[in-house]
Amino acid sequence: MTTSSSFSRRNFLAGLGASALALPATGFANSFDNDQYLAQLAAQKRELFGQDRKLGIALVGLGSYATNQLAPGLQQTQYCRLAGIVTGTPAKAEQWMQKYNIPKQNVYDYKTFDRIADNRDIDVVYVVLPNSMHAEYVIRAAQAGKHVICEKPLAIMPKECQDMIDACKKANRQLAVGYRLHYEPFTREVMRLGQEKVFGKVKFVEASDGFRIGDPTQWRLKKAMAGGGPLMDVGIYAIQGARYVTGLEPVSVTAQFGPKTDLQKFKEVEETLFWQFQFPGGVVSNSTTSYAAGVERLYASCENGWFELSPAFGYGPLKGRTSKGPIEQPIVHHQANHMDNICKVLLNNETLPDHITGQEGLRDVRLMQAIYQAAETGRRIDLKA
Ligand code: NAD
């Protein structure tokens with residue numbers, strides 16, 4: 001397990017703060033001008049690189065997230081562009097080539113994927129497949145000599161995460177995780193409020209994320225593909241929230257499964273799960289994740305006040321307030337912002353900050369497995385550093 005220093009305020013905020021894509025400071029959401037912001041980014045990029053080169057990204061898996069969030073986001077990015085696709089469905093390939101002007105030589109299927117090694121148009125492979133497929137495609141992308149962004153959860157088991165990290169290291173490529181909120185201004189503000197103890201020390205966090213799931217046949221309900229139920233899908237945001245608001249790593253966890261109200265739908269995975277983290281210094285967090293009902297909240301009670309985001313984890317706009325009044329921040333496109341912040345670092349041949357790397361993805365996968373172990377055994381599980 002990690003120690004608190006691996007998720008320290010210094011590391012986390014320093015990584016964010018080092019960004020040349022510096023977002024406006026707090027408190028002027030009303031005056032925020034998105035066009036001006038994008039123009040400022042373009043100017044910063046020209047200043048940094050003296051040209052308009054963008055990294056070419058290939059999306060692997062053209063499902064809902066790639067189609068509805070990442071591809072539209074890539075129409076707004078300054079440091080990267082949609083250059084290629086990997087899909088098993090020829091009809092989708094045709095549609096995407098036309099819609100996004102993607103040349104045929106940048107289109108792959110799952111069998112021809114490894115040939116991407118020879119394609120100089122593609123710098124970064126973004127893996128947006130079901131969870132159980134992340135490890136294989138990240139490792140193949142690294143072996144093809146590409147940097148990789150991988151969606152959350154990084155993988156299902158810690159061993160796979162480690163293999164992915166090792167493969168990227170061996171290929172001298174960088175591995176980023178799809179934690180889009182790490183560059184989202186409301187989220188950054190609650191990180192600051194908690195980690196800088198603006199309302200005193202955080203004493204207690206409530207972090208929950210859930211929604212009512214539809215289609216009973218989808219891979220999210222199949223244990224082999226998803227690795228678990230809502231914990232693997234959206235509960236991971238609640239884990240992140242408790243960690244980034246406190247800036248601490250949990251030392252132990254207790255957990256309980258909720259009832260299954262639809263035995264057919266939830267034959268393989270949990271329907272609802274509750275857990276409690278204990279952090280150093282007596283700080284505690286309490287979380288719920290569920291596929292039965294909606295919840296999306298991050299609340300921190302501090303020595304001298306409180307702050308919260310609700311909604312806290314979706315595509316936004318997020319909304320927040322504190323015991324002193326509303327939180328005002330600019331509204332950005334989460335995915336464009338996330339990819340730009342990563343690609344700016346890669347373009348500049350710098351090392352990604354720890355909080356957005358495979359190591360960070362691995363920390364959460366370890367925690368999720370510990371939560372399952374706690375719920376299954378009914379015991380408090382100690383988390384070793
Ligand atoms: P989806 O089901 O909509 O898309 C999955 C894609 O994988 C489809 O194009 C499908 O054709 C393809 N695929 C290839 N082989 C497959 C197989 N054997 N079985 C099923 N599908 C196969 O899923 P999604 O919602 O796009 O999620 C993809 C990944 O993105 C997941 O890891 C998910 O956790 C992550 N995600 C992240 C966010 C975020 O906000 N960061 C949001 C949604 C999803």
Side-chain angles (χ1 to χ4, degrees), residues 53-75 77 79-157 159-178 218-220 222 224-227 335 338-339 342-343 346-347 358 361:
R53 176 162 143 71
K54 292 182 174 187
L55 292 183
I57 292 193
L59 296 177
V60 186
L62 307 182
S64 142
Y65 192 59
T67 304
N68 301 321
Q69 305 301 329
L70 297 176
L74 281 163
Q75 307 314 299
T77 40
Y79 294 90
C80 48
R81 65 188 178 90
L82 178 57
I85 47 176
V86 183
T87 173
T89 315
K92 270 192 206 169
E94 283 301 325
Q95 281 168 13
W96 279 64
M97 278 194 288
Q98 279 196 8
K99 184 167 183 183
Y100 293 113
N101 202 18
I102 299 170
K104 201 168 177 59
Q105 68 267 22
N106 291 1
V107 177
Y108 299 86
D109 62 27
Y110 298 106
K111 287 201 185 92
T112 59
F113 171 65
D114 307 281
R115 287 191 215 144
I116 211 164
D118 304 322
N119 192 330
R120 298 191 60 184
D121 248 10
I122 312 289
D123 305 285
V124 180
V125 166
Y126 196 146
V127 177
V128 208
L129 291 162
N131 306 344
S132 63
M133 300 174 75
H134 290 181
E136 177 188 344
Y137 283 87
V138 166
I139 291 169
R140 283 169 69 181
Q143 287 170 348
K146 307 299 177 186
H147 294 298
V148 198
I149 307 176
C150 180
E151 257 318 312
K152 40 64 52 179
L154 187 63
I156 292 171
M157 298 306 284
K159 164 82 170 68
E160 293 173 288
C161 297
Q162 193 59 57
D163 290 347
M164 294 154 83
I165 292 166
D166 292 346
C168 290
K169 192 171 176 199
K170 189 171 171 201
N172 199 21
R173 300 289 85 186
Q174 299 203 52
L175 173 59
V177 66
Q218 63 186 287
W219 64 262
R220 282 182 165 80
K222 296 186 169 53
M225 297 217 79
Q335 290 77 13
H338 170 241
M339 290 185 282
I342 289 167
C343 289
L346 298 177
L347 254 178

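Note that the structure is a prediction, hence the values are computed from the model and not measured. Note that these values count all heavy atoms, side chains included, but never hydrogens, waters or copies made by symmetry.
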Next on the checklist: For the backbone of V124 and the side chain of H147, can you confirm whether one donor and one acceptor N or O come within less than 3.5 Å of each other?
Outcome noted: no
Checklist entry - About how many Å separate CD1 of I139 and CD1 of I165, when rounded to the nearest 0.5 Å? => result 10.5 Å
Checklist entry - Quick one: CD1 on I122 to CD on Q105, what's the gap to the nearest 0.5 Å? => result 9.5 Å
Checklist entry - Can you check whether A71's main-chain N or O pairs, donor with acceptor, with Q75's side chain at less than 3.5 Å? => result yes
Checklist outcome for this item: Here the gap from K99 atom NZ to T67 atom OG1, rounded to the nearest 0.5 Å, amounts to 8.0 Å
Next on the checklist: Show the nearest heavy-atom pair for residues M157 and E160, with the distance to one decimal.
Outcome noted: N-OE1, 2.8 Å
Checklist outcome for this item: A167 and A142 have their tightest heavy-atom pair at O-CB, 3.8 Å
Next on the checklist: If the condition is side-chain hydrogen bond (donor to acceptor under 3.5 Å, both in side chains), which residues does D123 pass it with, not counting sequence neighbours?
Outcome noted: R53
Item to check | Y100 vs L59 side-chain heavy atoms within contact, under 4.5 Å | outcome: no
Checklist entry - Given side chains that start at C-beta, do those of Y108 and V60 come closer than 4.5 Å, heavy atoms only? => result no
Item to check | Residue list, side-chain hydrogen bond (donor to acceptor under 3.5 Å, both in side chains) with R220, at least two apart or on another chain | outcome: D233
Checklist entry - For the residue pair A141 and V148, what are the closest heavy atoms and their distance? => result CB-CG2, 3.9 Å
Checklist entry - Please walk me through it: do V127 and V125 pass side chain to side chain contact (heavy atoms under 4.5 Å, CB included)? => result CA-CA 6 Å; V127 177; V125 166; 4.1 Å; yes
Item to check | Check: L82 and W96 side chains under 4.5 Å, non-hydrogen atoms | outcome: yes
Checklist entry - Do the non-hydrogen side-chain atoms of L55 and R81 ever get within less than 4.5 Å of each other? => result no
Next on the checklist: Between H134 (side chain only) and C150 (backbone N and O only), is there a donor and an acceptor less than 3.5 Å apart?
Outcome noted: no
Checklist entry - side-chain hydrogen bond (donor to acceptor under 3.5 Å, both in side chains) with E136: which residues, sequence neighbours excluded? => result R140
Checklist entry - What closest approach, in Å, do L74 and C80 show between heavy atoms, and which atom pair accounts for it? => result CD2-SG, 3.9 Å
Next on the checklist: With heavy-atom distances below 4.5 Å as the criterion, would you say the side chains of D114 and Q143 are in contact?
Outcome noted: no
Checklist entry - Quick one: does C343's side chain get under 4.5 Å of I57's, heavy atoms only? => result yes
Checklist entry - Measuring from S132:OG to M225:CE, what's the distance to the nearest 0.5 Å? => result 3.5 Å
Next on the checklist: So which atom in M164 and which in A155 form the shortest heavy-atom distance, rounded to 0.1 Å?
Outcome noted: SD-CB, 3.8 Å
Checklist entry - What heavy-atom pair brings A93 and V107 nearest, and what distance separates the two atoms? => result CB-CG1, 3.8 Å
Checklist entry - Given N131 and W219, is the side chain to side chain contact (heavy atoms under 4.5 Å, CB included) satisfied, shown in steps? => result CA-CA 9 Å; N131 306 344; W219 64 262; 3.6 Å; yes
Next on the checklist: With heavy-atom distances below 4.5 Å as the criterion, would you say the side chains of L62 and T89 are in contact?
Outcome noted: no
Checklist entry - Do L70 and M339 touch side chain to side chain, with heavy atoms closer than 4.5 Å? => result yes
Checklist entry - Could you give the distance from CG (L175) to NZ (K169), rounded to the nearest 0.5 Å? => result 13.0 Å
Next on the checklist: I'd like to know if K170 pairs up with D166 as an ion pair, taking the criterion as any Lys NZ or Arg NE/NH1/NH2 lying under 4.0 Å from an Asp or Glu carboxylate oxygen.
Outcome noted: no
